[in-house]
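Following: one structure in structure tokens, then a few remarks.
A, B, ... follow the sequence lines: proteins, then strands. Residue 1 opens every chain.
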Amino acid sequence: MANKITVQKGTKDILPADIDSWHFLEETANRVFTASAFSEIRTPIFEATELFARGVGDTTDIVNKEMYTFEKSERSLTLRPENTAGVVRSYIENGMHRLPAPVKLWYKGPMFRYERPQAGRQRQFHQVGVEMFGISQPQGDVEIISLAVNYLKAIGLKDLDVEINTLGCPKCREEYKTKLKEVLKPYLNDLCEDCQRRYEKNPLRLLDCKVEDCKSIYEKPEVKEVITSDFVCPECHEHFEKVKEYLNLLDIKYTVNKLLVRGLDYYNRTVFEIKSNNLGSQNAVCGGGRYDSLVKNLGGEDTPAVGFAMGMERLISLLPEQKHKKTDAYVVSDNVNEAIKLVNYLRNVGISTDYDMTCKKFTKQLEKASKVANYAVILGEDEIKQGKVSVKNLINSVQVLVNRDELGNIIERF
RNA sequence: GCGGAUGUCGUCAAGUGGUUAAGACCUCGGAUUGUGGUUCCGAUAUACAUGGGUUCGAAUCCCAUUAUCCGCCCCA
């Protein structure tokens, strides 16, 4: 035997047994997002590498070490590690700023990140997300957060925590970073390696370190004072207050987590995550926030924007198991000619139908029917003589003799 | 990139140095002369992750590799 070729590390087949959950997530997304006036957009799986370097940010792990990048015709291309940059590119390229504002888009599809796979983390994974362009007001942030909450509610998830924070604007954030670095300077040598690296690269990320030694340093009064201080400028402060006010109006429960810092460089002001306690260490099902400078950074008009992304595999792992749906009808007959015609008829009136193409004996056909279908449609000599068919409900064994054109009604409610 | 655990048929799983490596489920075929999901029989024709080593002898011990899972990191 030839060597078997297997799926690649961190990738998975989505098999028929699991497909109903995916359809459910996708159909619910379409329904819920459409209800909030979002339209679906589909952008390419690969883009110019530079789009992600500039869009996602070249200090991030995603860009630095997790991208699938390849060369073709002297271009550097990359499999998308997330979809915000791609949607922004499309927004700019297609002149969507001339569309009536706001422009509200949603998407779903595969993303690619070269990481060590573990629970809730794969190299090819799927996200469903939304992006909204043209709203700088706090209503925009709330539009997005409430949409996320509505979607998660629509797919039936409970026990989720919404965490929000504000990163301020570039100006007040810089001041905060400077203060933070100052107060931490004396302890620099006591911090873990990661934190020492973060200290230089992205001081905001220092705060959610899980190492005990670091945590205790962040608990020190003078440090804690800086961390918990309201560093944001009056405008950003007012914006965040409004966001919280509107969330309260909508009765959306949230906690303010000053340590919440999203890993992508483009965020400003409001950031949020939605977490589940039932997921192990990769517990964020949704992450998002405001990114007012990204459109401009990628060469478009200065346009405020806000959005989120959800990990579909993580959502599915929280969903109750779904049984794969059976076929509606299975035609059981010894008469091939009549069977073929009846099968074709049933399919054309919208009843999912299958039959035995190998001319097995009657009992075998019925046995097969009971495994794969909800109803057996029996067409034997007796039925053919009478011009009728028998329909047997395979769950409760009730059988009736009916005319062919009644089959649709029968199968729907019998 | 760094740690830890695991790897026996499509699936679950017994077996810890010694004749043809249990069993269950699934699938397929057959028996019961047009009514199934019960029962019975049979099949899946060289399944012990891979490559070395130790041994008279290894699925069982050792080493390497690989894969999966879990954690760190990071993120959805």
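- As the counterpart of B:C12, B:G23 is assigned, both hydrogen-bonding distances of the Watson-Crick or G-U wobble pattern falling under 3.5 Å.
- Nucleotide B:U44 has no partner under the Watson-Crick or G-U criteria, as no pair reaches both atom distances under 3.5 Å.
- Backbone-only engagement by A:G10 is indicated by non-hydrogen atom pairs under 4.0 Å involving sugar-phosphate atoms exclusively.
- A salt bridge is defined here as a Lys NZ or Arg NE, NH1 or NH2 lying under 4.0 Å from an Asp or Glu carboxylate O, and A:E174 with A:K177 meets this definition.
- OP1 or OP2 of B:G71 has at least one side-chain nitrogen or oxygen of A:Q118 nearer than 4.0 Å.
- Within 4.0 Å of A:Q365, counting heavy atoms only, lies no atom of the nucleic acid at all.
- Using a 4.0 Å heavy-atom distance criterion, A:G129 is classed as making no nucleic acid contact.
- Within 4.0 Å (heavy atoms only), A:I378 reaches at least one base atom of the nucleic acid.
- Comparing the same atom, P, in B:C41 and in B:C25 gives a spacing of 12 Å after rounding to whole Å.
- Nearest-nucleotide positions on RNA chain B place A:D334 closer to the 5' end than the other of A:D334 and A:H126.
- Residue contacts for A:D382: at a heavy-atom cut-off of 4.0 Å it reaches a base atom on one of the strands shown.
- Note on A:A119: only backbone sugar-phosphate atoms sit closer than 4.0 angstrom, heavy atoms only; bases stay farther off.
- Base pairing of B:U65: its partner is B:A49, meeting the Watson-Crick or G-U wobble criterion (both donor-acceptor distances under 3.5 Å).
- B:G3 is paired with B:C70 under the criterion used here, namely a Watson-Crick or G-U wobble arrangement in which both key atom distances are under 3.5 Å.
- Pair assignment for B:U32: none, as no Watson-Crick or G-U wobble contacts are both less than 3.5 Å.
- A:K371 comes within contact range of the sugar-phosphate backbone alone, with a heavy-atom separation under 4.0 Å but no base atom that close.
- Contact annotation: side chain of A:Q399 to base of B:U35, donor-acceptor pair present below 3.5 Å.
- Side-chain proximity of A:K12 to B:G37, B:C69, B:A76: nearest is B:C69.
- When the C1' atom is compared between B:U6 and B:A76, the two are found 27 Å apart, to the nearest whole Å.
- Residue A:R347 places its CZ atom among more than 12 non-hydrogen atoms of other residues, nucleotides or ligands, all under 6.0 Å distant.
- If you take CD of A:E82 and P of B:C74, they are 18 Å apart, rounded to a whole angstrom.
- When heavy atoms are screened at a 4.0 angstrom cut-off, A:G287 is found touching the sugar-phosphate backbone but no base atom.
- The existence of a salt bridge linking A:E66 and A:R80 is excluded, since no basic side-chain nitrogen approaches an acidic carboxylate oxygen closer than 4.0 Å.
- Without hydrogens or angle criteria, A:R269 side chain to A:N165 main chain gives no donor-acceptor distance under 3.5 Å.
- Along RNA chain B, the nucleotide closest to A:P117 and the one closest to A:G380 are compared, and the more 5′ of them pairs with A:G380.
- Residue side chain A:R121 does not reach the base of B:C70 through any donor-acceptor N/O pair under 3.5 Å, judged by distance alone.
- Between A:K9 and B:U68 there is a side-chain polar atom (N or O) within less than 4.0 angstrom of OP1 or OP2.
- Distance noted for atom C1' between B:U66 and B:G23: 30 Å (whole Å).
- For A:R116 against B:C74, no side-chain N or O and base N or O form a donor-acceptor pair under 3.5 Å.
- Phosphate proximity of B:G29 to A:K360: present, with a side-chain N or O under 4.0 Å from OP1 or OP2.
- Distance A:K361 NZ to B:U33 P: 10 Å, rounded to the nearest Å.
- Computed from coordinates, the A:F112 CZ to B:A76 P distance equals 16 Å when rounded to whole Å.
- The interatomic distance linking A:E115 (CD) with B:C72 (P) rounds to 13 Å, in whole Å.
- A donor-acceptor pair is defined here as one N or O able to donate and one able to accept, closer than 3.5 Å; such a pair exists between the side chain of A:N335 and the backbone of A:E338.
- Spacing of P atoms, B:A21 relative to B:U32, comes out at 35 Å, to the nearest Å.
- Across the strands present, B:C75 finds no partner; the criterion is a Watson-Crick or G-U wobble pair with both atom distances under 3.5 angstrom.
- Regarding contacts with the backbone of B:G37, every side-chain N or O of A:K364 stays at 4.0 angstrom or more from both OP1 and OP2.
- B:C48 and B:A59 are spaced 9 Å apart, taking the P atom of each and rounding to whole Å.
- Rounded to an integer number of Å, the gap from A:N283 CG to B:G71 P is 10 Å.
- Judged by distance alone, with hydrogens and angles left aside, A:K392 brings a side-chain donor or acceptor within reach of the base of B:G36, the pair sitting under 3.5 Å.
- Classification of A:E40 and A:K108 as a salt-bridged pair holds, one side-chain N sitting under 4.0 Å from a carboxylate O.
- The six-membered or imidazole ring of A:Y151 lies near that of A:F33, with a centre-to-centre distance under 6.0 Å.
- Of the candidate nucleotides B:A76, B:C74, B:U35, B:U35 has the atom lying nearest to any side-chain atom of A:T363.
- B:A47 and B:A5 have their P atoms separated by 31 Å, with the value rounded to a whole Å.
- Between the A:T34 side chain and the A:R31 main chain, no donor and acceptor come within less than 3.5 Å of each other.
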